[in-house]
Structures are given as structure tokens and as C-alpha cells.
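Notes follow the structure.
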Amino acid sequence: MSIWFRPITLEDCAKLDAGMGGKGTLMQTLGIRITEIGDDYMVASMPASPAIHNPLGIVHGGANVALAETVASYAANFAVDFENYYCVGQEINANHLRAARNGELKATARAVHLGKRSSVWEVLIHNSAGELTCISRMTAAVVKR
């Protein structure tokens with residue numbers, strides 16, 4: 001059974017990447033894109049390029065958090081009636097478990113809780129070898145328009 005309020009496509013997600021005003025977003029800057037939508041999960045990817053490295057040459061922890069919050073926020077907003085509600089990140093945490101230097105990071109968001117006023121999302125980030133590099137949890141506030 002699908003958790004999405006209405007059917008969604010990768011094209012729907014790509015349209016959001018340009019932002020409400022069409023002037024660009026952090027997702028475009030970091031190369032984040034939604035790559036897969038399942039009945040109860042959403043996947044985003046981001047290149048682990050030097051542009052998102054810290055001074056030690058590994059993916060910056062903040063880039064992991066941006067990836068996690070992006071996929072969880074997209075998922076949260078597609079799980080509500082977007083005509084009447086929208087979701088914003090309220091809290092996020094991340095545990096960085098393994099360094100990544102290259103390849104592509106893949107973040108999978110799954111709902112832990114879908115409530116009337118908030119939702120909670122677990123995000124697992126894996127490197128190109130399929131190794132878990134980061135685990136994150138984001139709480140989204142559900143706001144009435």
C-alpha cells in the first residue's frame with residue numbers, strides 16, 4: 001500500500017529541483033536528484049565529488065545531512081495533501097559511520113511515523129559499494145496552508 005497522497009513521478013520531483021521561483025536550489029548545486037520512488041520509500045543520489053569534500057578529502061558531514069534532509073523532505077511533502085499542507089524540516093540528526101571520497105551516494109528515506117502534525121523519516125546513506133556511510137533521522141512539521 002502506498003504512503004503517497006497522490007501518484008508521483010520522478011518528473012514531479014525534478015520540477016521541484018528548480019525551486020518555486022525557478023531560480024535554482026541547493027539540490028541543483030549539490031547534484032542531488034530523486035532516482036527512485038517505491039510504495040513506502042524514496043531514494044535520492046548525490047555525487048561524492050570534491051565539490052562536497054571537507055578539507056580532509058572526504059564527503060563533508062553537512063553534505064550528508066543536506067542529502068538526507070532533501071530526500072526526507074520530498075517524501076514528507078508527497079505524503080500529505082500538498083494543496084492544503086506542506087512539510088518543513090523541524091529536526092535532523094546524523095551519524096557518520098564511514099567516509100566516502102568518490103562515486104555516488106544513495107539515500108533511502110522511509111517513514112517511521114506519519115501523523116497529522118508531524119512525520120518522522122529514517123534515511124540510510126550508502127556509498128557506491130553498498131556500504132552504509134550515514135544514518136539520519138528527520139522530523140518534519142506538517143503545516144496547514
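Because only heavy atoms are used, hydrogens play no part in the values below, and waters and symmetry mates are left out as well, while side chains stay in.
Using a 4.5 Å heavy-atom threshold, the side chains of Thr133 and Leu97 count as separate. Residues Asp40 and Arg110 have side chains in contact (heavy-atom distance under 4.5 Å, counting atoms from C-beta outward). Between Val80 and Ser119 the shortest side-chain heavy-atom distance does not fall below 4.5 Å. Within the 4.5 Å cutoff, side-chain heavy atoms of Met42 are placed close to those of Ile34. Considering only heavy atoms from C-beta on, Thr35 stays 4.5 Å or farther from Leu10 through its side chain. The side-chain heavy atoms of Val59 and His53, taken from C-beta on, include a pair separated by under 4.5 Å.
Taken from SG in Cys134 to NE2 in His126, the straight-line distance is 10.5 Å, to the nearest 0.5 Å. Lys116 NZ to Lys144 NZ: the interatomic distance, rounded to the nearest 0.5 Å, is 12.0 Å. Once rounded to the nearest 0.5 Å, the distance linking CD1 of Ile52 with OG1 of Thr29 reads 12.0 Å. Summarising the geometry, atom CD1 belonging to Ile125 is positioned 10.0 Å from atom CD1 belonging to Ile135; distances are rounded to the nearest 0.5 Å. Rounding to the nearest 0.5 angstrom, the gap separating the CD atom in Glu122 from the OH atom in Tyr41 is 15.0 Å. Once rounded to the nearest 0.5 Å, the distance linking CG of Leu105 with CE of Met46 reads 5.0 Å.
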- Task: Give the intermediate values and the outcome of side-chain contact (heavy atoms from CB on, under 4.5 Å) for residues Asn64 and Ser136.
- Result: CA-CA 9 Å; Asn64 279 334; Ser136 179; over 6 Å; no

- side chain to side chain donor-acceptor pair (under 3.5 Å) evaluation trace for Asp17 with Tyr74: CA-CA 10 Å; Asp17 291 343; Tyr74 273 50; 2.5 Å; yes

- Message: The test is side-chain contact (heavy atoms from CB on, under 4.5 Å); show your working for Leu67 and Leu30 and say whether it passes.
- Response: CA-CA 9 Å; Leu67 175 59; Leu30 297 181; over 6 Å; no

- Would you sort out whether Ile37 and Cys13 count as a side-chain contact (heavy atoms from CB on, under 4.5 Å), showing the intermediate values? CA-CA 10 Å; Ile37 302 165; Cys13 297; 4.1 Å; yes

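By the rule that hydrophobic residues join a cluster once side-chain heavy atoms approach within less than 4.5 Å of another member, Val43 and Ile92 end up as members of separate clusters. Following chains of ILVMFWY side-chain contacts shorter than 4.5 Å, one can reach Val143 starting from Phe82, so the two form part of one hydrophobic cluster. A continuous path of ILVMFWY side-chain contacts below 4.5 Å connects Ile3 to Val71, so both sit in one hydrophobic cluster. Neither Phe5 nor Leu16 shares a network with the other; the hydrophobic side chains, linked directly or stepwise wherever heavy atoms of I, L, V, M, F, W or Y lie under 4.5 Å apart, form separate groups for each.
For Arg145, the CZ atom counts as densely surrounded, since its 6.0 Å shell holds more than 12 non-hydrogen atoms of other residues, nucleotides or ligands. Within 6.0 Å of CZ in Arg137 there are 12 or fewer heavy atoms belonging to other residues, nucleotides or ligands. Counting heavy-atom neighbours within 6.0 Å of His60 NE2, excluding the residue itself, gives a total of 12 or less.
Nearest heavy atoms, Pro7 versus Asp12: O-OD2, 4.1 Å. Pairing each heavy atom of Gln28 with each of Ala18, the nearest pair is NE2-CA, 3.7 Å. When all heavy atoms of Ala140 and Cys87 are compared, the closest pair comes out as CB-CB, 4.2 Å. Between Val142 and Gly115, the closest heavy-atom pair is CG2-O, 4.2 Å. The shortest non-hydrogen separation linking Trp121 to Leu114 is CZ2-CD2, 3.7 Å. Between Gly89 and Glu69, the shortest heavy-atom contact is CA-OE2, 3.6 Å.
In terms of modelled atom types and a separation under 3.5 Å, the side chain of Ser45 and the main chain of Lys106 share no donor-acceptor contact.
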